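For reference, positions follow the sequence shown, starting with 1. Because the structure is predicted, anything quoted here is derived from the model rather than measured.
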Amino acid sequence: MRKLVYFIAATLDGFIAGPDGSDPSGPDGFWPIPEDYLKHLIAEYPETLPGPARAALGVTAEGTRFDTVLEGRRSYQVGLDAGLTDAYPHLRHLVFSRTLGESPDPAVELVTGDPVARVRELKQEEGKDIWLVGGGELAASLYAEIDTLILKLSPTTIGAGIPLFGRQAAFEPAAWTLTDHTVLGSGAAYLTYERAGATG
C-alpha cells in the first residue's frame, strides 16, 4: 500500500512558515537555500522541486519516491500568487479546499470533501508514495494518515509562525522512529521518521 509522506521544511522551533504563511525560501523569505541542501534535494528528491525550478536547474530526473502531491488551499495560493496554477506538472496534483469553486488548472484535481477519505482511496491505488507538501492545516486533518515524516530541518529559529501541524492541531501524541538522517555542512538536516504508533 502507498504511504502518505509529509515531506516538509521546518525551523528548529517547529515552524513551516512565518506568521503570514508565505514561502520561507522565497524571494522575501527568512531561509536562503544553502547549496548543499539544494544538491541533496536534487539528488534524492528531484520530483519535489516545482516545475520552474526543475527547468531552471536542468533537472529532468523523474524521481523514485512520489508520483502524487497533495496540498491545502493556503499552500496552493503561494503558487497561484507566483503565477503557477500547477507548480508540479510532473506529478499528479490534488488541492484540498472548501472555498475554491473550481480548479484553476485542468491538471489539478480539486478535492472539496473529506481529506481523510480521499487519502485512504489514494493509498489503495497502485503507484509510488504520496507527498503531502503542506500546509499545516491539511497536515493536521491528515495527522493519523501520515505514515512517514521527512523534515528538511533549517538551522533557523523564528519564534512565531505556522507550526508543523497548523495552529488548530489537536493534542494527540504519537511516537516516531528515526529511520534515516543526513546532516549537511551548512547545518541543514534531512530527518526521516516512520510512525511507531500512539504513545498513550
Please set out all donor-acceptor pairs under 3.5 angstrom arising from side-chain atoms of residues 162-171, sequence neighbours excluded.
| from | atom 1 | to | atom 2 | distance (Å) |
| --- | --- | --- | --- | --- |
| R167 | NH2 | P19 | O | 3.1 |

Next item on the list: Side-chain contact test, heavy atoms from C-beta onward, threshold under 4.5 Å: evaluate it for V78 versus S22 and give yes or no.
Entry: no
Next item on the list: Determine, for D147 against R2, whether the closest basic-nitrogen to carboxylate-oxygen distance falls under 4.0 angstrom.
Entry: no
Next item on the list: Treating Ile, Leu, Val, Met, Phe, Trp and Tyr as nodes and any side-chain heavy-atom pair under 4.5 angstrom as an edge, say whether V133 and L100 lie in one connected cluster.
Entry: no
Check: Which value, rounded to the nearest 0.5 Å, describes the distance between D86 atom CG and L84 atom CG?
Finding: 8.5 Å
Checklist line | Beyond-backbone contact of F66 with I130, side-chain heavy atoms, under 4.5 angstrom | finding: no
Notebook entry, point to check: Less than 4.5 Å apart, any side-chain heavy atom of Q124 and any of R120?
Noted result: no
Next item on the list: Taking all heavy atoms of L138 and all of G72, pick out the closest pair and write down the distance.
Entry: CD2-N, 3.4 Å
Checklist line | Shortest non-hydrogen contact from P46 toward G63 | finding: CG-CA, 3.8 Å
Margin query: Do T85 and Y76 have side chains that approach each other closer than 4.5 Å (heavy atoms only, starting at C-beta)?
Written below: yes
Next item on the list: Indicate yes or no for a side-chain donor-acceptor contact from D36 to the backbone of G185 under 3.5 Å, with no hydrogens or angles considered.
Entry: yes
Notebook entry, point to check: Between Y6 and W131, is the ring centre distance below 6.0 Å?
Noted result: no
Note to self: For the backbone of E145 and the side chain of K123, can you confirm whether one donor and one acceptor N or O come within less than 3.5 Å of each other?
What the structure shows: yes
Check: Is there a path of hydrophobic side-chain contacts, each under 4.5 Å between heavy atoms of I, L, V, M, F, W or Y residues, that connects L142 with V5?
Finding: no
Margin query: Quick check against the 3.5 Å criterion: does R195 have a side-chain atom that pairs as donor or acceptor with the backbone of A175?
Written below: no
Note to self: What I want to find out is whether E109 reaches R118 closely enough, with some N-O distance under 4.0 Å, to be called a salt bridge.
What the structure shows: yes
Checklist line | Residue pair L41 / K152, side-chain heavy-atom distance below 4.5 Å | finding: yes
Check: Do Y143 and E172 pass the side chain to side chain contact (heavy atoms under 4.5 Å, CB included) test, and can you show the C-alpha distance, the side-chain angles, and the key distance before you say yes or no?
Finding: CA-CA 9 Å; Y143 182 76; E172 191 179 337; 3.7 Å; yes
Margin query: Taking atom CZ as the centre, does R65 end up with more than 12 heavy-atom neighbours from other residues, nucleotides or ligands that are less than 6.0 angstrom away?
Written below: yes
Margin query: Please report the interatomic distance OG(S154) to CD1(I16), rounded to the nearest 0.5 Å.
Written below: 13.0 Å
Notebook entry, point to check: L57, Y88: one ILVMFWY side-chain cluster at the under-4.5 Å cut-off?
Noted result: yes
Margin query: Quick check: closest heavy atoms across A10 and L151, and the distance to 0.1 Å?
Written below: CB-CD2, 4.4 Å
Next item on the list: Take atom CD of E121 as the centre, draw a 6.0 Å sphere, and report whether it contains more than 12 heavy atoms from other residues, nucleotides or ligands.
Entry: yes
Note to self: For P52 versus A87, what's the shortest heavy-atom pair and its separation?
What the structure shows: CD-O, 4.3 Å
Margin query: Filter on ring-ring contact (aromatic ring centres under 6.0 Å, His included), then keep only pairs touching residues 30-64, sequence neighbours left out; what's left?
Written below: F7-Y45, W31-Y37, Y37-Y190, H40-Y190, Y45-Y190
Item checked: Partner of T68 under side-chain contact (heavy atoms from CB on, under 4.5 Å), chosen from L94, L132, V119 -> L94
Notebook entry, point to check: For the residue pair R73 and S97, what are the closest heavy atoms and their distance?
Noted result: CD-OG, 3.3 Å
Notebook entry, point to check: Is a side-chain N or O of R92 found less than 3.5 angstrom from the main chain of V108, in a donor-acceptor match?
Noted result: no
Check: Is a side-chain N or O of H90 found less than 3.5 angstrom from the main chain of E47, in a donor-acceptor match?
Finding: yes
Margin query: Check this for me: does any side-chain nitrogen of one of E62 and K128 sit under 4.0 Å from a carboxylate oxygen of the other?
Written below: yes
Check: Is K3 salt-bridged to E194, going by a charged N under 4.0 Å from an acidic O?
Finding: yes
Notebook entry, point to check: Looking only at atom types and distance, does a side-chain atom of D180 sit under 3.5 Å from a main-chain N or O of T192, one as donor and one as acceptor?
Noted result: no
Margin query: Under 4.5 Å between side-chain heavy atoms, counting indirect links through other Ile/Leu/Val/Met/Phe/Trp/Tyr residues: same cluster for V59 and V69 or not?
Written below: yes
Checklist line | Nearest atoms (heavy-atom pairs only) where G127 meets D67 | finding: CA-OD2, 3.4 Å
Notebook entry, point to check: Is a donor on one side and an acceptor on the other found under 3.5 Å between the side chain of D13 and the backbone of G159?
Noted result: yes
Check: Heavy-atom distance under 4.5 Å between the side chains of L80 and P104, does that happen here?
Finding: yes
Checklist line | Steps toward side chain to side chain contact (heavy atoms under 4.5 Å, CB included) verdict (I150, L191) | finding: CA-CA 6 Å; I150 303 178; L191 306 173; over 6 Å; no
Next item on the list: Report yes or no: do I8 and L38 belong to one cluster of Ile/Leu/Val/Met/Phe/Trp/Tyr joined by side chain heavy-atom distances under 4.5 Å?
Entry: no
Note to self: Just so I know, are the side chains of L4 and L70 near enough to count as touching, which here means a heavy-atom distance under 4.5 Å?
What the structure shows: yes
Notebook entry, point to check: Any side-chain heavy atom of L12 sitting closer than 4.5 Å to one from L153?
Noted result: yes
